[in-house]
Amino acid sequence: QVQLVESGGGLVQPGGSLRLSCAVSGFTFGSNTMTWYRQAPGKEREFVAAISRIGGITNYADSVKGRFTISNDNAKNTLYLQMSSLKPEDTAVYYCNVAGSWGRGTQVTVSS
């Protein structure tokens with residue numbers, strides 16, 4: 001049973017930065033693709049970024065390219081999302097997805 005716990009969200013001013021973490025347990029941190037999604041109020045959940053453990057191939061939504069960086073630490077079984085130059089439209093609950101399992105999410109609010 002895969003368990004995912006996101007953390008690192010909070011309130012930040014426009015232009016600020018945050019680093020989200022997703023702790024993965026109950027799973028051999030293998031060759032799956034690991035993904036971040038987000039869901040803003042009144043909107044559908046949308047893809048943000050993904051990384052493959054083998055080769056570290058990354059993929060980003062156009063809306064976050066150049067501002068967000070996804071990475072993973074296999075030794076710590078943790079997935080990260082470094083977010084910079086944050087905008088109010090980045091406000092959402094951020095979720096990680098590994099092997100089809102979801103965490104509960106962490107709230108990111110970008111506001112002055």
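We use all heavy atoms of the structure for the numbers below, so side chains are in, but hydrogens, waters and symmetry mates are not. Along the sequence shown, the residues carry numbers beginning at 1.
Residues Ala50 and Thr33 share a closest heavy-atom pair of CB-CG2, 3.9 Å. The heavy-atom pair separating Leu81 from Ala49 by the smallest distance is CD1-CB, 4.3 Å. When every heavy atom of Val98 is checked against every heavy atom of Val2, the shortest pair comes out as O-CG1, 4.1 Å.
To the nearest 0.5 Å, atoms OG (Ser112) and CG (Leu11) are separated by 9.5 Å. A distance of 8.0 Å separates NZ of Lys87 from OG of Ser85, quoted to the nearest 0.5 Å. Atoms CE and OG1, on Met34 and Thr78 in that order, are 10.5 Å from each other to the nearest 0.5 Å. The distance from atom CD of Gln107 to atom CD of Glu6, rounded to the nearest 0.5 Å, is 12.0 Å.
Residues Ile51 and Phe68 are members of one and the same hydrophobic cluster, defined by side-chain heavy-atom contacts under 4.5 angstrom among Ile, Leu, Val, Met, Phe, Trp and Tyr. Both Val48 and Val108 belong to a common hydrophobic cluster when Ile, Leu, Val, Met, Phe, Trp and Tyr are linked at side-chain heavy-atom distances under 4.5 angstrom. Hydrophobic clustering places Val12 together with Trp36 (ILVMFWY residues linked when any side-chain heavy atoms are closer than 4.5 Å, directly or through intermediates). The same ILVMFWY cluster, assembled from side-chain heavy atoms under 4.5 Å apart, contains both Leu79 and Leu4.
Considering only residues two or more places apart in sequence or on other chains, Ala40 meets the side chain to side chain contact (heavy atoms under 4.5 Å, CB included) condition with Lys43, Ala92. Residues forming a side chain to side chain contact (heavy atoms under 4.5 Å, CB included) with Ser7 (at least two apart in sequence, or on another chain): Ser21.
A salt bridge links Glu46 with Arg38: the distance from a Lys NZ or Arg NE/NH1/NH2 to an Asp or Glu carboxylate oxygen falls below 4.0 Å. Classification of Lys65 and Asp62 as a salt-bridged pair holds, one side-chain N sitting under 4.0 Å from a carboxylate O.
Within 6.0 Å of CD on Glu89 lie more than 12 heavy atoms contributed by other residues, nucleotides or ligands.
Note on residues 43-78: no pairs pass disulfide bond (SG atoms under 2.5 Å apart), not counting sequence neighbours. Sorted by first then second residue, the disulfide bond (SG atoms under 2.5 Å apart) pairs that include residues 74-106, not counting sequence neighbours, are Cys22-Cys96.
Hydrophobic side-chain contacts under 4.5 Å tie Tyr37 into a cluster, directly or through other members, with Phe47, Val93, Tyr95, Trp102.
Checking side-chain atoms of Thr91 against main-chain N and O of Val110 turns up a donor-acceptor pair under 3.5 Å.
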Pairs of donor and acceptor atoms involving the side chains of residues 54-61, under 3.5 Å and at least two apart or interchain, shall be tabulated with distances.
from: Tyr60; atom 1: OH; to: Ile70; atom 2: N; distance (Å): 2.9

